[in-house]
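Have a look at this one before I ask anything.
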Amino acid sequence: MGEQWAFYFDANKCIGCHACSVSCKQRHDRDSDQDEWRTVRNVESGEFPDVSSMPISMSCMHCSDAPCEKVCPCNSIEKREEDGIVTVDRDSCIGCHYCAWACPYGAPTYDDGGIMSKCNMCLGEGPGGGHDMPPREEQEDGGSTPACVDNCVGDAIKAGPVSELKAEASKEALERFASEPANVIVEADRDDDEAGAVTYEV
Amino acid sequence: GSTDRSAMPIANAETAFGNCWMCCHNCAQEVKVNDDTVVGITGVDGNPRGSAGPGTNGTLCPKGLAQLDKTHDPDRIKQPYIREDGELREATWDEAFEYTAERLREFDDEHGAETFLDAGSWAETPIFRTIWRDLYGTPERIGRGVHVCAGPTFVAGGMMGVGSNNRIPDYQNSEYLIMWGRNPLEAFAGQFEAKGILKAIEQNDATLVTIDPQYTETAEKSDEWLPIEPRTDGALALAMGHVIIQEGLLDLEFVQEHTYGFEAYQEAVEDKTPEWAEEITGIDADKIREIARGFAEAAPAAGISIWTGTAQVSNGWKASQNITALNGLVGNIDRPGGLRLWKGTPTADPFEVCEWTPDDKGTDVTIGVDLPNNAEGKEPALNKYEEYEEYPFRHIEGIAHNLVPEMVENGHINGIYCHHDMPLKDGNAEAWLDALDEMDLVIAVDAYWNGVTRNADVVFADATQLEKDTMGTGSWSAYPEHQWVVGGKAAVEPQFNTKPDWEILTGIAEAMGWGEYFPWDDHEEFINDQLQAVDLTLEELDSGEKNYELVGEYGYEQWRDEDGPAFSFDLDQVPTFVQAAEEAGMDTAPEWQPPGTYGDELGEEYPLNFFDIRSVFFSHGSDQGIDRCLDQFARKNELEDEDYRGNYLHLNPADAEPRGIETGDMVTVESETGEGELMAHVTETIKPGFVTAEYGFGEGSAQEDYEGMNTMKLHAKQMDPITGQPDRHIAVDVHNGGA
């Protein structure tokens, strides 16, 4: 089994600009009004003047124990051994939406006649861009940088082999990472910022 | 569409470079081109405006990324048009040039060229000024910076000795940053601003303070958010000064040795206690003390940023003067982490340095172009006619945005050249719409249909930035000690039947018989002449791994090289200001001016303070028509499921509930002189009594269907008396339902 890849998201650096969503759609040639593979939400809480409005950028989490893969009746979804990226074979997908029901994060989308598509960590371009692609390579070895990572204005999103990402993460982020199925390391508690107490279940 | 790109992957496309012009702040672009189509776009690592400095990732913000969409947008103006029998009709380029020349000659005969207004600010070449001022001969020009962006910030800064550098502190070296009426994590002038702030937090553990009645992305990342009562910033600044002096936290050596007018300042703040300011600003006196101490103790590595928030207001002059004075007080002037005296990049004047061979001189090489100055001796109408004697700003400015409709009515301005400039979103829109109608000649250069292009007599279809050669320089950037230049050759051909503005302007010149003044074969040659001063060519900039160069180095404390004081608290030594201030009834030194001294006063009929704001998805009014920006903007407000794609009225539940307003309702905003309809967004993130909406939407905008509200339809003529800067605080009420 190859080294697993993951995303890293630092909520302290996300400025809610949506450049990740826009560049994702552009990289994969998706129309502006199509459902998003990567989307930004604002989690607003509190009452004036004690308010918080935290931007969170989310995509497919490429879960370590991917529930979508388990429920897919056509075996179209694959948690790839070689790099841990979850891909979909759109030729065998029948658009049954089981994966949508199983996914806790709302990652699968169904444009193009109801066939599932989602984030493929920019293994390739386009909705079928991940399936059957060779293992993910790092940029220095010729791999493309995922569009969201390449265009993150606040430098809040990273992607890479888990061991490399872990080396940069805080203790709290690593604890969260260990306890969640999502293959995403989330920094959210810089200093004593109360607004940081946010998890991905939104 | 959702085609699989496997046949034409971005990875295999050609690379070209650009120079983002969405907000005209030069973030460098790397684009991927396949078959004359832009298929990919991203930033350039380490570039001055779009990265956090050397070795950091270069990016583009969402509107910058949308240049990909804009390049091939089928909604663009695709060819020239001329007005015939009252209607715009498609025309060839030759027809459009000839028609323009004919109309310009008639205009000069009938009205005089000096009544033609040059509003060419956002062109990607500077030659519009050559054509309108030097050749056509008009002294009338309206710019964006002083006239509609932040007059008090620019002009007060200039008179106090720091220029307009009170906008961008030395972020990366700072330990304490106050964003005063600014939201640079979202409304930045180049992404380096947002990146510089994040870097200061990460590397210097800098304290970030945001002063804003609205809770913004910047407030979210701040250690302190002070939701100040609108239009009371001047009082807060004076109280901070009071604390700094009283507690001996000022830089006494700097104040004594390098400033002017401190006695007047000391007197102005003497009784301005934090308790006094608490009453006015709504900010706790202890909090004011805390911020004042934090700022002064971190100084000189402490900076303040002001721009539009404290300037687009009738008492904005004093707010700007009082806030800027804090820099002089703590001695952060041009010191690391403080207020930086940013230095621009020198470029050569191509009209002086070009080498060319005139047709009638065989092989003799001539240096320079002998341009006439046909505007010489012509006085702008504002200074010439007694109709404008009541306006103090005539001592300081040559024109004021809100006065143009009046000048049209008086026959002092009869035509306009408008280039990407959207005057309809910058003040008294209703009067401007009438004025455009009234003018005898409206020449528009733009990529989108909007209230100006639709009302024009001739419309030139401008190519957009990636379709032309561009070069940019600036001062502030992620390189606090370097000057820089960024440029790129056209990445694709001009799309549709459009032309780059260089060709549009030289085409007009040719038709007017001024061809001899433009000896360059193309814009690239002209840019190369500009670049002579830094010993570069556009080809050199555009080839290789990146498209920018650092071209000069400069140090801190540059005021040591100048004679006289580095900083002035009191402006009694500036004769033009003394005159204007006297007529406006204000002091030359810092002082407190309550809201309503000049602008609107809130009352029973109009109890809410409206102000218009920016969003990260849109710039100065030219890209409100791009679907990708509109859709993301709707998502950001969690209203993407509505059909509506206009701007939103943000209001607190305390103001919404009594009016029966909920998020998603269409509401009417009404001022004494105008009204508009838009969708409500009820949120706890805004101060009760304060309501905002993004500008650049609604009637006259670049949106295809004019959806939303043109915020400036609410506006009459409110302005700062010293600079004529439109005051965008308007007394309004809001009610549920359409107009």
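These numbers come from the heavy atoms of this one structure, side chains and all, not from hydrogens, waters or symmetry mates. A note on names: the letters A, B, ... follow the listed sequences, proteins ahead of strands, and every chain is numbered from 1.
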#### Entry: Backbone of B/Ile10 reached by a side-chain donor or acceptor of A/Glu125 within 3.5 Å
yes
### Query
Looking at side-chain heavy atoms only, is the closest gap between A/Asn42 and B/Glu217 below 4.5 Å?
yes
### Task
Name the option with the most non-hydrogen atom pairs under 4.5 Å to chain B; the candidates are A/Gly154, A/Pro55, A/Gly124.
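Of the options given, most contacts go to A/Pro55.
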#### Entry: Flag, side chain of A/Gln26 to backbone of B/Ile41, donor-acceptor distance under 3.5 Å
no
### Per-residue contact mode, B/Lys636 against chain A (heavy atom under 4.5 angstrom)
both
### Approximate separation, where rounding is to 0.5 Å, of B/Leu68 CG and A/Arg27 CZ
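Answer for the CG-CZ pair, B/Leu68 versus A/Arg27, is 12.0 Å.
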#### Entry: Distance in Å, B/Asp69 CG paired with A/Lys25 NZ, rounded so as to fall on 0.5 Å steps
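Going from CG on B/Asp69 over to NZ on A/Lys25, the span is 11.0 Å.
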### Message
Treating B/Asn57 as the side-chain partner and A/Asn151 as the backbone partner, does any N or O pair qualify as donor plus acceptor under 3.5 Å?
### Response
no
### Task
Of all the heavy-atom pairs spanning B/Lys221 and A/Cys14, show the shortest one and how long it is.
NZ-O, 2.8 Å
### Task
State whether the number of non-hydrogen atoms from other residues, nucleotides or ligands found under 6.0 Å of A/Phe177 atom CZ is greater than 12.
yes
### Distance-minimising heavy-atom pair for B/Tyr215 and A/Ser52
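The pair with the smallest heavy-atom distance is OH-CA, 3.7 Å.
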### Task
Indicate whether the side chain of B/Asp627 and that of A/Ser32 have a donor and an acceptor atom separated by less than 3.5 Å.
no
#### Entry: Portion of B/Lys687 that has a non-hydrogen atom of chain A nearer than 4.5 angstrom
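For B/Lys687, heavy atoms of backbone and side chain both lie under 4.5 Å from chain A.
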### Query
Looking only at heavy atoms, what is the nearest atom pair of A/Arg30 and B/Arg628, with distance?
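In terms of heavy atoms, the two residues are closest at O-NH1, 3.2 Å.
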### Query
Looking only at heavy atoms, which two atoms of A/Glu44 and B/Thr683 are closest? And how far apart?
OE2-OG1, 2.8 Å
### Message
Heavy-atom cut-off 4.5 Å, strictly under: side chain, backbone, both or neither for A/Ser144 against chain B?
### Response
neither
### Query
Just wondering, more than 12 heavy atoms not from A/Lys166 lying within 6.0 Å of its NZ?
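No, because the 6.0 Å sphere around NZ of A/Lys166 holds 12 heavy atoms or fewer from other groups.
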### Message
Taking side chain as everything from C-beta outward and backbone as N, CA, C, O, which of these in A/Thr39 sits under 4.5 Å from a heavy atom of chain B? Side chain, backbone, both or neither.
### Response
side chain
### Query
When rounded to the nearest 0.5 angstrom, what distance separates CG in A/Asp33 from CG in B/Leu630?
12.0 Å
#### Entry: Part of B/Ser615 lying under 4.5 Å from any heavy atom of chain A
neither
### Task
Provide the closest heavy-atom pair for B/Ile686 versus A/Phe48 in the form atom of the first, atom of the second, distance.
O-CD1, 3.5 Å
### Query
Which region of B/Glu640, side chain (C-beta onward) or backbone (N, CA, C, O), has a non-hydrogen atom less than 4.5 Å from a non-hydrogen atom of chain A, or is it both or neither?
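Neither part.
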### Message
Out of B/Arg635, B/Lys195, B/Lys199, return the one with the most heavy atom pairs under 4.5 angstrom to chain A.
### Response
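Looking at each option in turn, the highest pair count goes to B/Arg635.
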### Query
Between A/Ala11 and chain B, which part of the residue has a heavy atom less than 4.5 Å away: side chain, backbone, both or neither?
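The backbone, not the side chain.
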### Task
Please round to the nearest 0.5 Å and tell me the distance separating atom OG1 of B/Thr56 and atom CG of A/Asp155.
8.0 Å
#### Entry: Gap separating the CG atom of B/Asp631 from the CD atom of A/Gln34, nearest 0.5 angstrom
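CD of A/Gln34 is found 11.0 Å from CG of B/Asp631.
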### Query
Would a 4.5 Å heavy-atom cut-off, applied to side chains only, mark B/Glu186 and A/Cys17 as touching?
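B/Glu186 vs A/Cys17: side chains apart.
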### Message
Around atom CD of B/Glu704, are there more than 12 heavy atoms from other residues, nucleotides or ligands closer than 6.0 Å?
### Response
no
### Query
How long is the span from the CD1 atom in A/Ile15 to the CD atom in B/Glu220, to the nearest 0.5 Å?
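Separation between the atoms: 12.5 Å.
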### Query
For B/Ala52, is it the side chain, the backbone, both or neither that has a heavy atom under 4.5 Å from a heavy atom of chain A?
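Answer is neither: B/Ala52 stays 4.5 Å or more from chain A.
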### Query
If you count heavy-atom pairs under 4.5 Å with chain B, which of A/Ser45, A/Cys152, A/Ala147, A/Ser117 comes out on top?
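Among A/Ser45, A/Cys152, A/Ala147, A/Ser117, the one with the most close pairs to chain B is A/Cys152.
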### Query
How close do B/Thr59 and A/Asp150 get, heavy atom to heavy atom, and via which atoms?
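Heavy atoms of B/Thr59 and A/Asp150 come nearest at CG2-O, 3.5 Å.
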### Residue B/Phe617 versus chain A: region with a heavy atom under 4.5 Å
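Interface part for B/Phe617: side chain.
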### Task
Let me know if B/Leu185 has heavy atoms under 4.5 Å from chain A in its side chain, its backbone, both or neither.
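For B/Leu185, heavy atoms of backbone and side chain both lie under 4.5 Å from chain A.
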### Message
I'd like to verify something: which residue of B/Lys32, B/Gln191, B/Glu638 has the highest number of heavy-atom pairs under 4.5 Å with chain A?
### Response
B/Glu638
